[in-house]
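One structure is given below, encoded as structure tokens.
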Amino acid sequence: MGEEKKIEEKRKEIKITPIKQGTVIDHIRKGQALKVLRILDLIDKDIDFIVSVAMNVNSSMGKKDILKVEGLELVNEELDKISLIAPEATVNIVRNYEVVRKHRVELPKMAKGIVRCRNNNCISNQNEPLIPEFEVVGKDPVTLKCEYCEREMRGEKISDNVI
């Protein structure tokens, strides 16, 4: 009987507690959660809200990562950044423990002012009053092409250059 009680307690165990207010980013490709945290500036920044990360979570679609950020609702620019790293992600806005808005991120046609060109000689990296602009030329993997020097970048290079 003692063993049955332990099993029942395990079933009731909540791995990540629900949030009262904030954002849940679900369906992040396995292993990408820390990159999403970095591009949202939630790793090195002094923050006052709780961030929960679940990695390699079983899902009907295979393994995935999940982020929960208590007290933060993302804005469109942040959603565009997420779409470059995790184009299949779903963003849930939570208020009073209820999901009030749920939507998939969408890759923009143009990424303006959110990624820097990896070409050091590009005019966008020369202290000119230019906003870096990239055309999204591929979706799987996400591929960006600089509007100024036409250099392409994808995958790891994109997450390393998000502003």
Using 0.5 Å steps for rounding, measure from the [atom1] atom of [X] to the [atom2] atom of [Y].
X	Y	atom1	atom2	answer
D160	M153	CG	CE	9.5 Å
I93	Q21	CD1	CD	10.5 Å
I82	R104	CD1	CZ	13.0 Å
I85	L37	CD1	CG	12.0 Å
L42	E78	CG	CD	8.0 Å
K145	M110	NZ	CE	9.5 Å

Return the minimal non-hydrogen interatomic distance between [X] and [Y], and the atom names on each side.
X	Y	answer
D80	E106	OD1-O, 4.2 Å
V53	A33	CG1-CB, 3.9 Å
P132	Y148	CA-CE1, 4.3 Å
F134	V115	CE1-O, 3.2 Å
P87	V142	CG-CG2, 3.8 Å
C117	N161	O-OD1, 4.5 Å

Look at the side chain of [X] and the backbone N and O of [Y], then say whether any donor-acceptor pair between them is shorter than 3.5 Å.
X	Y	result
N125	N121	no
T90	H27	no
T143	P141	yes
N119	C149	no
E70	S52	no

Pairing of [X] and [Y] as salt bridge, 4.0 angstrom limit:
X	Y	answer
E73	R95	yes
R29	E88	yes
K30	D65	no
R154	E152	yes

Working for side-chain contact (heavy atoms from CB on, under 4.5 Å), residues K68 and V24
CA-CA 4 Å; K68 291 186 177 188; V24 177; 3.8 Å; yes
Applying side-chain contact (heavy atoms from CB on, under 4.5 Å), run through N92 and R101 and close with a yes or a no.
CA-CA 6 Å; N92 301 295; R101 191 170 70 229; over 6 Å; no
Assess whether atom [atom1] of [X] is packed by more than 12 heavy atoms of other residues, nucleotides or ligands within 6.0 Å.
X	atom1	result
N96	CG	yes
I43	CD1	yes
E128	CD	yes

Single-linkage hydrophobic cluster [X]~[Y], side-chain heavy atoms < 4.5 angstrom:
X	Y	value
I19	V99	yes
L74	I163	no
I28	L107	yes

Apply side-chain contact (heavy atoms from CB on, under 4.5 Å) to V91 and V105, showing your working.
CA-CA 7 Å; V91 176; V105 295; 3.7 Å; yes
Please name all residues satisfying side-chain hydrogen bond (donor to acceptor under 3.5 Å, both in side chains) with E135, sequence neighbours left out, ordered by chain then number.
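With neighbours one apart ignored, the set is empty.
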Verdict with supporting geometry, V69 and F49, side-chain contact (heavy atoms from CB on, under 4.5 Å)
CA-CA 7 Å; V69 185; F49 36 83; 3.5 Å; yes
